[in-house]
Visitor: 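Handing you this structure, nothing more for now.
Numbering of ligands and ligand atoms starts at 1, following listing order.
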Amino acid sequence: MFDTLSDRLTSALQSLSRKGRLSDADIDATAREIRIALLEADVALPVVKAFIAKIKDRAKGAEVSQALNPAQQVVKIVNEELVGILGGETRRLNLAKNPPSVIMLAGLQGAGKTTLAGKLAMWLKKQGHAPMLVACDLQRPNAVTQLQVVGERAGVTTFAPEPGNGVGDPVDVARRAIEEAKHAQHDIVVVDTAGRLGVDEELMKQAADIREAVQPDEVLFVVDAMIGQDAVTTAEAFRDGVGFTGVVLTKLDGDARGGAALSVREVTGQPILFASNGEKLEDFDTFHPDRMASRILG
Ligand code: GDP
């Protein structure tokens with residue numbers, strides 16, 4: 001994952017290690033290499049600019065340290081700033097004081113929402129919760145069945161509108177699902193919503209209506225990491241149209257560059273909570289900014 005970025009950052013930083021003292025020119029040269037590495041990784045330009053400015057500022061102003069040589073100090077700064085743009089602390093899921101907690105998923109079609117619903121359900125179950133999935137994607141043929149299939153694989157109940165009643169109203173389905181969850185003692189409800197190929201006003205309104213009706217504890221924006229910094233444009237559209245409280249990055253296993261991971265938090269201001277890295281339900285975990293930064297720096 002992110003091999004080219006890793007290699008380039010490592011080599012940019014290694015070239016400093018041969019130097020005993022660092023001049024401003026050395027720092028500028030390294031900052032330039034880091035800049036190119038980030039741009040090639042498809043990180044959004046404003047994120048790159050702010051990152052480079054901070055690195056230069058901190059590296060030039062760094063106190064002489066007893067413990068670290070100048071090159072190590074720069075590595076430490078780059079690491080800390082990478083952790084920063086990835087979100088700093090690991091952000092845990094917000095759950096309601098009075099169950100059921102409601103987690104709503106939103107994103108483009110194909111982002112991996114339905115798969116994620118199954119992954120999240122299985123993960124929650126392992127943490128001792130009793131989740132229920134709710135099929136509110138009533139647009140795409142098969143979406144309901146697909147959710148039922150992942151629900152079965154995860155070993156959780158799926159609430160779906162009864163077949164034969166026409167398309168149905170997703171807001172109504174979501175409301176009824178929450179009543180059912182209370183009844184059947186599910187402590188977490190995961191609501192899958194419809195996605196379209198492109199950002200679409202009707203879809204946004206539908207998702208916003210569901211949000212309004214069920215007041216979720218979390219709205220997770222699900223985004224395919226392979227789309228690179230296009231993730232940012234999509235995220236902005238969902239932020240403005242629906243609003244969300246956290247991000248889930250999917251398909252990190254297929255993302256060679258890292259642009260989405262490194263841009264989305266800075267641009268939207270919302271933390272990355274989880275990452276998916278494969279098609280299997282187990283290929284999923286909490287997102288840890290510090291671990292991701294260490295992997296990138298090798
Ligand atoms: P939805 O339209 O947002 O509900 O997306 P789906 O859950 O149907 O996923 C779309 C495709 O992406 C499916 O073929 C999934 O198997 C695949 N997929 C989902 N998550 C991942 C992932 O983390 N890695 C990989 N490689 N494929 C994934």
Visitor: Counting distance only, does the side-chain N/O of Asp187 pair as donor-acceptor with the main-chain N or O of Ala130 below 3.5 Å?
Guide: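 Yes; judged by distance alone, with no hydrogens or angles, the pair exists.
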Visitor: In the protein, which heavy atom is nearest to atom 19 (C) of ligand 1, and how far is it?
Guide: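 Among all protein heavy atoms, the one nearest atom 19 (C) of ligand 1 is Thr115 OG1, 3.7 Å.
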Visitor: Donor-acceptor pair, distance only, cut-off 3.5 Å: does the side chain of Thr250 make one with the backbone of Ala111?
Guide: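 Here the side-chain-to-backbone pair exists.
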Visitor: May I ask you to identify the nearest protein heavy atom to atom 13 (C) of ligand 1, giving residue, atom name and distance to one decimal place in Å?
Guide: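 Protein heavy atom at minimum distance: Glu279 OE1, 4.4 Å.
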Visitor: Is the shortest distance from a Lys or Arg side-chain nitrogen in Arg176 or Asp172 to a carboxylate oxygen in the other one below 4.0 Å?
Guide: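 Salt bridge present between Arg176 and Asp172.
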Visitor: For ligand 1, which atoms, with element, lie under 4.0 Å from some heavy atom of Gln109?
Guide: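 Here the atoms of ligand 1 in question are 2 (O).
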Visitor: Between the side chains of Lys182 and Glu179, is the shortest nitrogen-to-carboxylate-oxygen separation below 4.0 Å, so that they form an ion pair?
Guide: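 Answer for the salt bridge query: yes.
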Visitor: Take Asp26 and Ser23, measure what side-chain hydrogen bond (donor to acceptor under 3.5 Å, both in side chains) needs, and give me the verdict at the end.
Guide: CA-CA 5 Å; Asp26 292 329; Ser23 64; 3.2 Å; yes
Visitor: Could you establish whether Gly110 and ligand 1 come within less than 4.0 Å of each other, counting only heavy atoms on the residue side?
Guide: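 The answer is yes: ligand 1 sits under 4.0 Å from a heavy atom of Gly110.
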Visitor: Would Ala111 count as a contact residue for ligand 1, given that I'm defining contact as a non-hydrogen atom of the residue lying under 4.0 Å from a ligand atom?
Guide: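 In this structure, Ala111 qualifies as a contact of ligand 1 - some heavy atom is under 4.0 Å.
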Visitor: Please report the shortest heavy-atom distance between Ala261 and Phe2, naming the atom on each side.
Guide: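 In this case the closest contact between Ala261 and Phe2 is CB-CZ, 4.0 Å.
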Visitor: Specify the protein heavy atom at minimum distance from atom 20 (N) of ligand 1: its residue, its atom name, and the distance to 0.1 Å.
Guide: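 The protein heavy atom lying closest is Lys119 NZ, 3.9 Å.
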Visitor: Give yes or no for whether the N/O distance cutoff of 3.5 Å, strictly under, is met between Gly278 and ligand 1.
Guide: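 It does: an N or O of Gly278 is found under 3.5 Å from an N or O of ligand 1.
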Visitor: Does Asn94 offer a backbone N or O that forms a donor-acceptor pair with the side chain of Glu218 under 3.5 Å?
Guide: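 Yes, the answer is positive, given that a donor and an acceptor are paired below the 3.5 Å cut-off.
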Visitor: Can you confirm whether more than 12 heavy atoms, excluding those of Gln215, are under 6.0 Å from its CD atom?
Guide: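 Yes, enclosed.
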Visitor: In terms of atom number and element, which parts of ligand 1 are under 4.0 angstrom from non-hydrogen atoms of Ser276?
Guide: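 Reading through ligand 1 atom by atom, the close ones are 23 (O).
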Visitor: Yes or no: does Leu108 have any heavy atom under 4.0 Å from an atom of ligand 1?
Guide: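 So Leu108 counts as touching ligand 1.
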Visitor: State if Asp253 counts as touching ligand 1 under the rule of any non-hydrogen atom under 4.0 Å.
Guide: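 Under 4.0 Å: yes for Asp253.
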Visitor: Is it the case that ligand 1 has an N or O less than 3.5 angstrom from some N or O of Lys113?
Guide: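 Yes, Lys113 has an N/O under 3.5 Å of an N/O on ligand 1.
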Visitor: How far is atom 11 (C) of ligand 1 from its nearest protein heavy atom, and which residue and atom name does that atom have?
Guide: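 Result: Lys251 NZ, 4.1 Å.
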Visitor: Can you see which heavy atom on Arg295 is nearest to which on Ser6, and at what distance?
Guide: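 Result for this residue pair: O-OG, 3.4 Å.
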Visitor: Which ligand 1 atoms are under 4.0 Å away from a heavy-atom of Gln146?
Guide: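 Every atom of ligand 1 under 4.0 Å from some heavy atom of Gln146: 6 (P), 7 (O), 8 (O).
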Visitor: With backbone taken as N, CA, C and O and side chain as the heavy atoms from C-beta onward, which portion of Lys280 lies under 4.0 Å from ligand 1: side chain, backbone, both, or neither?
Guide: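 Answer for Lys280: neither.
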Visitor: Could you identify the single nearest non-hydrogen protein atom to atom 4 (O) of ligand 1 and state the distance to 0.1 Å?
Guide: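 In this structure, atom 4 (O) of ligand 1 has Thr114 OG1, 2.6 Å as its nearest protein heavy atom.
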Visitor: For ligand 1, is Gly195 a contact, meaning one of its heavy atoms is under 4.0 Å away?
Guide: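 False for this residue.
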Visitor: Any idea how Phe238 and Phe221 line up, ring-wise: parallel (<30°), tilted (30 to 60°), or perpendicular (>60°)?
Guide: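 Ring orientation of Phe238 relative to Phe221: tilted.
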Visitor: Which of these, Gln206, Arg211, Lys205, sits in a side-chain hydrogen bond (donor to acceptor under 3.5 Å, both in side chains) with Asp209?
Guide: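 It is Lys205; the other options fail the test.
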Visitor: Nearest protein heavy-atom contact for atom 5 (O) of ligand 1: which residue, which atom, what distance?
Guide: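 Nearest neighbour among protein heavy atoms for atom 5 (O) of ligand 1, to 0.1 Å: Gly112 N, 3.0 Å.
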Visitor: Just heavy atoms, cut-off under 4.0 Å: does Asp137 contact ligand 1 by side chain, backbone, both, or neither?
Guide: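 Neither part.
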